[in-house]
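Presented below is the structure to which this report refers.
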Amino acid sequence: RLYRVLMASVGHSETFRSAALPNRVADFIFARYQPGMHYGDHVDDPIMGQGAKFRTDVSMTVFLNPPEAYEGGELVIRTPFGEQQVKLPAGHAVVYPSASVHRVADVTRGERLVALTWIQSFVRDAAQRELLYELDQSRQELLKSDPDSDLTKNVDRSYVNLLRMWADV
């Protein structure tokens with residue numbers, strides 16, 4: 001039941017669709033971390049799947065319990081700007097490039113519950129996905145506030161044509 005709820009939520013999230021540009025989404029894996037548990041530095045497997053294989057471009061962690069239910073257990077993602085620690089409210093998710101070095105910090109109290117999945121994006125390059133996400137956020141605002149302006153039409157056309165240039169289908 002939880003799997004169906006998560007897949008429906010992900011499928012209805014405009015932010016997720018804009019950020020990940022999902023082509024394929026793997027089945028969720030549920031993980032429970034108790035005191036003393038962690039997951040060391042790693043990069044996610046580049047190819048996953050049972051039977052039909054797919055490329056993993058984007059990783060996603062969905063937090064299933066509130067951050068005050070446990071101490072430690074942050075998802076730590078290495079970025080060019082240093083380590084980013086992520087610990088979100090229940091029901092919130094973080095997406096990040098699967099090629100990022102990341103880890104789960106030691107849980108020192110309570111229980112960390114998460115759902116994990118991997119996505120093959122229509123756009124394999126993380127920098128291109130980031131540019132498209134930022135452009136799409138501006139595009140969506142313009143489509144709401146001034147749908148008939150030339151500026152909106154130019155931004156919309158630019159987004160669509162960049163996606164057309166960069167998409168793998």
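Keep in mind the model is a prediction, meaning the values are calculated, not measured. No hydrogens, no waters, no symmetry mates; every other heavy atom, side chains included, goes into these values. We number each residue from 1, following the sequence as shown.
At a threshold of 4.5 Å between side-chain heavy atoms, the hydrophobic network of Ile, Leu, Val, Met, Phe, Trp and Tyr places V58 and F28 in one connected group. Using a 4.5 Å cut-off between side-chain heavy atoms of Ile, Leu, Val, Met, Phe, Trp and Tyr, with links allowed through other members, V25 and I29 fall into different hydrophobic clusters. Both L131 and V123 sit in one connected hydrophobic cluster of ILVMFWY residues. Membership requires side-chain heavy atoms under 4.5 Å apart, directly or through other members. At a threshold of 4.5 Å between side-chain heavy atoms, the hydrophobic network of Ile, Leu, Val, Met, Phe, Trp and Tyr places I77 and L116 in one connected group. Under the 4.5 Å side-chain heavy-atom criterion for Ile, Leu, Val, Met, Phe, Trp and Tyr, L6 and F16 are members of the same hydrophobic cluster.
Remark: R78 pairs with D41 by the salt bridge (Lys or Arg N to Asp or Glu O under 4.0 Å) rule, at least two apart or across chains. Remark: T108 pairs with E71 by the side chain to side chain contact (heavy atoms under 4.5 Å, CB included) rule, at least two apart or across chains. Residues passing the salt bridge (Lys or Arg N to Asp or Glu O under 4.0 Å) test with R24, sequence neighbours excluded: none. With sequence neighbours excluded, the residues that form a side-chain hydrogen bond (donor to acceptor under 3.5 Å, both in side chains) with D27 are Y3. Residues passing the side chain to side chain contact (heavy atoms under 4.5 Å, CB included) test with A126 are P97, R129, sequence neighbours excluded. Remark: E134 pairs with no residue by the salt bridge (Lys or Arg N to Asp or Glu O under 4.0 Å) rule, at least two apart or across chains. Residues meeting the side chain to side chain contact (heavy atoms under 4.5 Å, CB included) test with D168, sequence neighbours left out: R55, R124.
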Can S59 and D44 be said to form a side chain to side chain donor-acceptor pair (under 3.5 Å), step by step? CA-CA 8 Å; S59 299; D44 291 334; 2.5 Å; yes
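Counting only residues at least two apart or on different chains, no ring-ring contact (aromatic ring centres under 6.0 Å, His included) pair has a member in residues 123-162. Sorted by first and then second residue, the ring-ring contact (aromatic ring centres under 6.0 Å, His included) pairs with a member in residues 103-129 form an empty list; sequence neighbours excluded. Residue pairs meeting the ring-ring contact (aromatic ring centres under 6.0 Å, His included) criterion with at least one member in residues 29-52, sequence neighbours excluded, are Y39-H42, H42-H102.
The line from CG of D57 to CG of D125 is 9.5 Å long, rounded to the nearest 0.5 Å. Within the model, atoms CD of Q140 and CG of L135 stand 10.0 Å from one another, a figure rounded to the nearest 0.5 Å. Distance CZ/R112 to CG/D106: 11.5 Å, rounded to 0.5 Å. To the nearest 0.5 Å, atoms CG (D148) and CG (L142) are separated by 12.0 Å. One distance of note links OG of S98 with CE of M48; it measures 7.0 Å at 0.5 Å rounding.
The number of heavy-atom neighbours closer than 6.0 Å to CZ of R32, taken from other residues, nucleotides and ligands shown, is 12 or below. Residue-environment remark: CG (D150) stays at or below the threshold of 12 foreign heavy atoms within 6.0 Å.
Of the possible polar contacts, none joining the R109 side chain to the P35 backbone as a donor-acceptor pair under 3.5 Å is found. The backbone N or O of M60 sits nowhere less than 3.5 Å from a side-chain atom of T117 that would complete a donor-acceptor pair. The backbone N or O of E141 sits less than 3.5 Å from a side-chain atom of S145, completing a donor-acceptor pair. Without hydrogens or angle criteria, T152 side chain to L143 main chain gives no donor-acceptor distance under 3.5 Å. When atom types are taken as modelled, the side chain of S121 and the backbone of P22 share no donor-acceptor pair closer than 3.5 angstrom. Checked by atom type and distance alone, the side chain of S13 never pairs as donor or acceptor with a backbone atom of S9 at under 3.5 Å.
Salt bridge R139/D136: present, at least one basic N to carboxylate O contact under 4.0 Å.
Side-chain contact between L75 and V114 is absent, with no heavy atoms from C-beta onward closer than 4.5 Å.
Cluster note: V101 groups with V43 through ILVMFWY side-chain heavy atoms spaced under 4.5 Å, whether in direct contact or through intervening members.
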Donor-acceptor list for residues 61-69 side chains, cut-off 3.5 Å, not counting sequence neighbours:
| unit_1 | atom_1 | unit_2 | atom_2 | d |
| --- | --- | --- | --- | --- |
| T61 | OG1 | Y96 | OH | 3.4 |
| N65 | OD1 | L113 | N | 3.1 |
| N65 | ND2 | E111 | O | 2.5 |

